[in-house]
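What follows is a single structure, written as structure tokens, with notes after it.
First the proteins, then the strands, lettered A, B, ... as listed; each starts at 1. Note that the structure is a prediction, hence the values are computed from the model and not measured. All values below come from the heavy atoms of this structure, side chains included, with hydrogens, waters and symmetry mates left out.
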Protein chains: 2
Amino acid sequence: MPSTDETSGWRVGRLARATGVTVRTLHHYETIGVLVPSGRSEAGHRLYADADLRRLYRIVALRELGMSLAQIRETLDDGADLGAVLRAHLVHVERSIDRRRALRDRLARLCTRAEEGISTDDLVTTIEGMAMHERYFTKEQRETLARRWDELGGDAVGRTEEEWRKLAAALRGHMEAGDDPSAPAVRPLAQRARELVRAFTGGDPAMYASLERMYQNEDPGTVSRGVMDGEVMAYLRRALGALPHAG
Amino acid sequence: MPSTDETSGWRVGRLARATGVTVRTLHHYETIGVLVPSGRSEAGHRLYADADLRRLYRIVALRELGMSLAQIRETLDDGADLGAVLRAHLVHVERSIDRRRALRDRLARLCTRAEEGISTDDLVTTIEGMAMHERYFTKEQRETLARRWDELGGDAVGRTEEEWRKLAAALRGHMEAGDDPSAPAVRPLAQRARELVRAFTGGDPAMYASLERMYQNEDPGTVSRGVMDGEVMAYLRRALGALPHAG
DNA sequence: CCTTGCACCTCACGTAACGTGAGGTTCTAC
DNA sequence: GTAGAACCTCACGTTACGTGAGGTGCAAGG
């Protein structure tokens with residue numbers, strides 16, 4: 001009759017201290033059925049057997065791997081293949097990391113912009129721009145971009161945007177001075193622009209196609225995040241077209 | 001009197017469709033005070049003004065950055081510095097990514113082990129070991145150890161553990177026989193122990209320092225995964241100390 | 001005039017994994 | 001015998017809503 005065995009067994013407080021969880025947690029685990037003490041004393045106090053202790057160790061281990069208590073219960077009760085469960089969970093965690101990374105990238109870009117002084121309205125437009133990216137690039141492409149971005153670091157990304165801004169200003173200068181887009185003075189600017197675009201696409205034609213579609217369909221000011229307007233954009237397109245094919 | 005203005009203003013359903021949130025969400029935002037409609041119709045229907053619409057766009061934008069509604073409310077109401085808020089949130093997100101990544105690494109290692117066939121008990125000891133390792137070894141050191149382990153293969157690792165077990169038993173024999181730790185009969189055991197430790201550290205002094213710190217601070221039985229207890233450990237230390245310096 | 005149907009309303013419970021009391025009982029040591 | 005530690009059972013609070021339940025307001029059709 002293990003349910004009335006008072007001579008041995010752990011009481012909640014001891015078990016809690018021994019395993020690093022709280023008494024409340026053990027209560028909770030009982031109510032949801034993930035760890036039911038194998039006995040009670042006459043006074044109604046919980047009594048945990050050694051088997052309960054071992055089960056608790058496993059619960060804590062799986063919990064620290066980020067699994068839900070419901071999953072833990074299934075895994076322990078149904079004797080599921082632990083390897084398969086862990087592999088599935090690994091996939092889950094990796095996806096969540098990707099999502100967090102995408103979020104981190106968005107925040108990082110916003111923060112670099114914030115140093116130039118960002119208003120709440122800018123915030124809205126910037127986030128809309130990010131949502132726009134998600135409409136034109138596939139998930140894989142966005143992940144590739146995120147990784148590349150990650151390797152470069154926030155500074156380099158900020159410098160690139162700053163360079164685009166200067167490029168745009170220079171192009172506008174030439175345009176307003178009436179220079180032809182194929183003029184020798186414009187050529188280095190176009191060449192640098194082509195390099196920057198190539199750095200973005202990584203030379204991947206599919207990536208380039210996505211970028212093109214985005215620039216074709218969306219408002220130039222929005223898509224370039226205010227770096228250039230439609231006029232400068234058109235001027236740059238002509239300058240790029242006048243470039244010899246191999247860079 | 002905007003609170004009775006019925007001629008203009010958005011009703012919940014329209015506003016919800018326009019912004020991509022649900023009606024229930026708008027109800028919720030009102031109860032927690034993050035977006036209170038600026039008016040009601042005579043029948044008690046919510047009426048949102050254009051200012052409410054703009055506020056909702058901001059709320060959604062900040063929400064998609066992973067901020068809590070309470071934070072959003074503070075940020076929008078107190079006119080807090082958006083840049084500072086975003087930077088703080090970025091730090092928060094980066095920390096959470098680091099935690100997830102550490103978790104991913106643990107899971108990945110467990111999965112590779114699972115292919116060799118892992119029991120739930122192994123899981124517990126392995127996870128405890130990993131948690132302990134992470135407190136004493138740097139990330140680089142752990143990667144180095146993982147590679148070395150991988151190259152050796154599971155068999156070699158098992159043999160090493162078996163050898164430690166035999167070493168511990170032999171040391172315990174000498175100890176209980178009253179032999180001095182510096183006795184000639186103990187010397188070859190200590191020398192072999194030193195070789196095994198050297199194989200673990202790969203001769204790296206920093207790795208050795210980390211290992212030392214771990215053995216100094218943790219319970220001998222736990223850290224050696226049950227191979228030796230505190231007494232045998234102390235005996236081995238004295239035996240190692242009695243060894244000539246160059247091996 | 002009545003019904004159908006849609007948009008709207010206000011409760012109010014459920015979610016995950018416990019934290020934090022509240023109020024009462026039992027065990028243990030002095 | 002009594003103090004204090006340990007135990008017990010409710011039961012509400014946390015996040016950001018989802019999901020009905022049951023009722024009202026308003027326009028169109030029969």
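What separates CG of B:Leu47 from P of C:dA7 is a distance of 16 Å, to the nearest Å. If you take NE2 of B:His28 and P of C:dA12, they are 17 Å apart, rounded to a whole angstrom. The distance between atom CD1 of B:Ile32 and atom C1' of D:dC17, rounded to the nearest whole Å, is 9 Å. For B:Glu30 and C:dC11, the CD to P distance is 12 Å, given to the nearest whole Å. One atom, CD of B:Glu42, and another, C1' of D:dT24, lie 15 Å apart when rounded to the nearest Å.
Note on A:Arg63: a side-chain N or O is less than 4.0 Å away from OP1 or OP2 of C:dC18. Taking side-chain N and O atoms only, B:His27 has no distance below 4.0 Å to OP1 or OP2 of C:dT10. One finds a side-chain N or O of B:Arg40 lying less than 4.0 angstrom from the OP1 or OP2 phosphate oxygen of C:dT10. Contact between the side-chain N/O atoms of B:Arg73 and the OP1/OP2 oxygens of D:dT15 is not found at any separation under 4.0 Å. Contact check, A:Arg46 against D:dC8: a side-chain N or O comes under 4.0 Å of OP1 or OP2. Within the 4.0 Å cut-off from OP1 or OP2 of C:dT26, not a single side-chain nitrogen or oxygen of A:Ser41 is found.
Side-chain atoms of B:Tyr29 lie closest to D:dC17 of the nucleotides C:dC8, D:dC8, D:dC17. Across C:dC8, D:dC26, D:dC17, the shortest atom-to-atom separation from the side chain of B:His45 is found for C:dC8. In the set C:dA7, D:dC8, C:dC9, C:dA7 carries the atom at the smallest distance from any side-chain atom of B:Arg11. The A:Leu69 side chain lies nearest to C:dA17 when the options are C:dA17, C:dT28, C:dT10. With D:dC17, D:dT9, D:dC26 as the choices, the nucleotide that has an atom nearest any side-chain atom of B:Thr25 turns out to be D:dC17.
Residue whose closest nucleotide on DNA chain C sits further toward the 5' end, between B:Gly13 and B:Arg24: B:Gly13.
Although no hydrogens or angles enter the test, the distance criterion places no donor-acceptor pair under 3.5 Å between the side chain of B:Arg11 and the main chain of B:His45.
The one candidate from B:Ile59, B:Leu82, B:Asp81 that meets the side chain to side chain contact (heavy atoms under 4.5 Å, CB included) condition with B:Thr75 is B:Leu82.
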